[in-house]
Visitor: 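Quick one: the structure is below, and I'll ask about it shortly.
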Amino acid sequence: MTSITANEASSADKTPSFEMSWGSSASSGYCSDEDSDPEFEQFFTARTSFFPKTRKNSDEHTDSVKQELTTAEVLQKVKEYNAQINSNLFMNMNKDGSYTGFIKVQFKLARPVSVPAPKKGGHDVGARRASGVKRRTSFYLPKDASKHLHISSRTTSREVIEALLKKFTVVDNPGKFALFERSERHDQVYVRKLSDGERPLRLRLCAGPNEKVLSFVIKENETGEVNWHAFSMPELKNFLLILQREEEEHVKQIVQRYALARAKMQGALSGSTPG
């Protein structure tokens with residue numbers, strides 16, 4: 001079984017604890033369901049869109065290492081990797097041929113994430129439990145939030161996503177997110193979506209510790225079509241509410257546009273004399 005640990009740093013084993021960097025308060029853009037429409041849990045607002053956007057040509061596939069490495073090659077690469085880093089984020093070989101190390105994942109989420117609502121005592125909680133309604137709180141993660149994970153060479157990208165969501169107590173379906181590798185070459189940025197079975201630590205080892213050569217980013221899983229089965233019923237109802245409001249606003253703008261055109265034409269007709 002793949003293990004993802006968060007042991008405290010010690011000079012003896014040189015294994016640091018998880019590191020989490022925040023550029024701003026996590027409450028930035030905070031939206032609690034207590035302050036929203038009681039009928040719906042407002043996971044999305046009009047300024048966010050849950051439809052996929054067209055990607056630019058900069059999101060191109062990078063060349064990933066496909067060949068399997070022998071134990072001797074892995075050992076050599078681990079030594080070379082450890083010699084290049086200036087921190088204690090070392091990689092370590094195991095007796096079974098696997099290895100462990102750290103990867104840094106940056107969050108670039110355009111939509112809010114959902115966490116369990118704060119626990120409150122009293123009748124309100126009992127009523128919610130009786131009705132079977134699970135309340136949630138949504139907020140926007142800072143754009144520059146990042147996390148170091150201590151993983152194994154056998155840890156898959158899907159397991160990395162699940163571990164990240166668990167660390168931040170995010171209750172959204174992991175299928176909504178995807179792990180990407182980002183690299184910079186010749187002043188160009190290349191982004192590639194990792195498959196669920198790919199092993200990020202192996203990519204980290206082969207690329208070396210340079211973040212420009214390879215870095216990891218977690219973003220929304222936009223595949224060209226919306227996977228509606230990945231959303232909960234309150235979210236789907238909220239989407240319908242947003243679409244209804246956008247449709248009403250669009251119809252209102254069209255009516256106003258044609259009313260203005262009609263008024264201009266009537267004014268032009270009234271001011272003209274029959275020829």
Side-chain angles (χ1 to χ4, degrees), residues 1-10 13-30 81-82 84-92 98-116 136-184 189 191-222:
M1 180 182 296
T2 302
S3 61
I4 301 176
T5 60
N7 297 329
E8 294 295 331
S10 64
D13 57 9
K14 296 182 179 180
T15 303
S17 60
F18 285 113
E19 297 179 14
M20 178 172 59
S21 61
W22 296 86
S24 59
S25 172
S27 61
S28 176
Y30 181 90
Y81 183 95
N82 291 340
Q84 297 178 55
I85 61 176
N86 298 320
S87 63
N88 58 349
L89 303 180
F90 295 105
M91 289 197 185
N92 298 291
S98 64
Y99 50 97
T100 58
F102 291 83
I103 63 169
K104 179 183 178 181
V105 182
Q106 185 177 5
F107 288 80
K108 287 191 176 181
L109 303 178
R111 306 166 191 155
V113 295
S114 302
V115 298
R136 297 179 178 180
T137 300
S138 299
F139 67 93
Y140 289 86
L141 283 173
K143 292 290 184 181
D144 53 355
S146 61
K147 182 77 171 177
H148 279 94
L149 286 179
H150 187 229
I151 63 175
S152 165
S153 57
R154 297 170 180 170
T155 305
T156 64
S157 59
R158 176 53 50 187
E159 291 170 327
V160 167
I161 293 173
E162 293 173 353
L164 287 170
L165 298 183
K166 184 177 180 180
K167 291 299 176 184
F168 285 92
T169 65
V170 175
V171 296
D172 292 314
N173 191 312
K176 299 180 185 179
F177 307 92
L179 192 64
F180 294 79
E181 65 172 13
R182 181 183 184 276
S183 60
E184 299 179 22
V189 176
V191 180
R192 182 178 72 89
K193 178 182 174 182
L194 301 184
S195 64
D196 289 347
E198 288 193 68
R199 290 167 169 75
L201 190 62
R202 183 173 181 273
L203 298 174
R204 178 81 280 164
L205 176 65
C206 294
N210 192 328
E211 291 289 329
K212 289 188 176 181
V213 176
L214 176 71
S215 61
F216 295 104
V217 178
I218 184 172
K219 299 194 292 184
E220 282 83 6
N221 187 14
E222 297 176 345

Visitor: Could you tell me whether the side chain of Arg199 and the main chain of Gly197 form a donor-acceptor pair under 3.5 Å?
Guide: yes

Visitor: Is there a donor-acceptor contact under 3.5 Å from the side chain of Gln106 to the main chain of Ile218?
Guide: no

Visitor: For a 4.5 angstrom cut-off between non-hydrogen side-chain atoms, does Phe107 reach Leu164?
Guide: yes

Visitor: Is the closest basic N to carboxylate O distance between Glu162 and Lys167 below 4.0 Å?
Guide: no

Visitor: Would you say Asp196's side chain and Ser157's backbone share a donor-acceptor pair under 3.5 angstrom?
Guide: no

Visitor: Under 6.0 Å between ring centres: does that hold for His150 and Phe102?
Guide: yes

Visitor: Hey, are the side chains of Ile85 and Phe90 touching, using non-hydrogen atoms and a 4.5 Å cut-off?
Guide: yes

Visitor: Inspect the contact between Lys193 and Glu198 and indicate whether a charged nitrogen and a carboxylate oxygen are less than 4.0 angstrom apart.
Guide: no

Visitor: Take Lys147 and Lys104, measure what side chain to side chain contact (heavy atoms under 4.5 Å, CB included) needs, and give me the verdict at the end.
Guide: CA-CA 6 Å; Lys147 182 77 171 177; Lys104 179 183 178 181; over 6 Å; no

Visitor: Which heavy atom in Arg154 sits nearest to a heavy atom in Ser98, and how many Å separate them?
Guide: NE-CB, 3.8 Å

Visitor: Measure the OG-CZ distance between Ser215 and Arg204 for me, rounded to the nearest 0.5 Å.
Guide: 7.5 Å

Visitor: Give the C-alpha distance, both sets of side-chain angles, the deciding distance and a yes or no for salt bridge (Lys or Arg N to Asp or Glu O under 4.0 Å) between Glu159 and Lys166.
Guide: CA-CA 10 Å; Glu159 291 170 327; Lys166 184 177 180 180; over 6 Å; no

Visitor: With the side chain counted from C-beta on, respond yes when Phe177 and Leu179 share a heavy-atom pair under 4.5 Å apart, and no when they do not.
Guide: no

Visitor: Does any N or O in the side chain of Arg158 come within less than 3.5 Å of the main-chain N or O of Pro174, such that one atom is a donor and the other an acceptor?
Guide: yes

Visitor: At their closest point, which heavy atom of Tyr81 faces which heavy atom of Pro209, and how far apart are they?
Guide: CE1-N, 3.4 Å

Visitor: Using modelled atom types only, decide if a donor and an acceptor are shared between the side chain of Asn221 and the backbone of Ala178 within a distance under 3.5 Å.
Guide: no

Visitor: Side chains of Thr155 and Leu201: does their closest heavy-atom pair fall under 4.5 Å?
Guide: no

Visitor: Check whether any side-chain heavy atom of Asn82 sits under 4.5 Å from a side-chain heavy atom of Met91, and report yes or no.
Guide: yes

Visitor: Check whether any side-chain N or O of Ser114 sits under 3.5 Å from a backbone N or O of Asp172 as a donor-acceptor pair, and report yes or no.
Guide: no

Visitor: Is there a side chain to side chain contact (heavy atoms under 4.5 Å, CB included) between Thr100 and Ile151 once you walk through the steps?
Guide: CA-CA 6 Å; Thr100 58; Ile151 63 175; over 6 Å; no

Visitor: Test side chain to side chain contact (heavy atoms under 4.5 Å, CB included) on Leu194 and Glu181 and set out the steps.
Guide: CA-CA 7 Å; Leu194 301 184; Glu181 65 172 13; 4.0 Å; yes

Visitor: Using side-chain heavy atoms (C-beta onward) and a distance below 4.5 Å, is Arg192 in contact with Arg182?
Guide: no

Visitor: Can you tell me how far apart NE2 (His148) and CG (Leu89) are? Round to the nearest 0.5 Å.
Guide: 5.0 Å

Visitor: Any side-chain to backbone donor/acceptor pair from Ser153 onto Tyr99? Under 3.5 Å, distance only.
Guide: yes

Visitor: Is there a side-chain contact between Pro200 and Phe216 (heavy atoms, below 4.5 Å)?
Guide: yes

Visitor: Any heavy-atom pair between the side chains of Val217 and Val191 that's under 4.5 Å?
Guide: no

Visitor: Let me confirm one number: the CG-CG distance from Asn173 to Leu165, rounded to the nearest 0.5 Å.
Guide: 9.0 Å

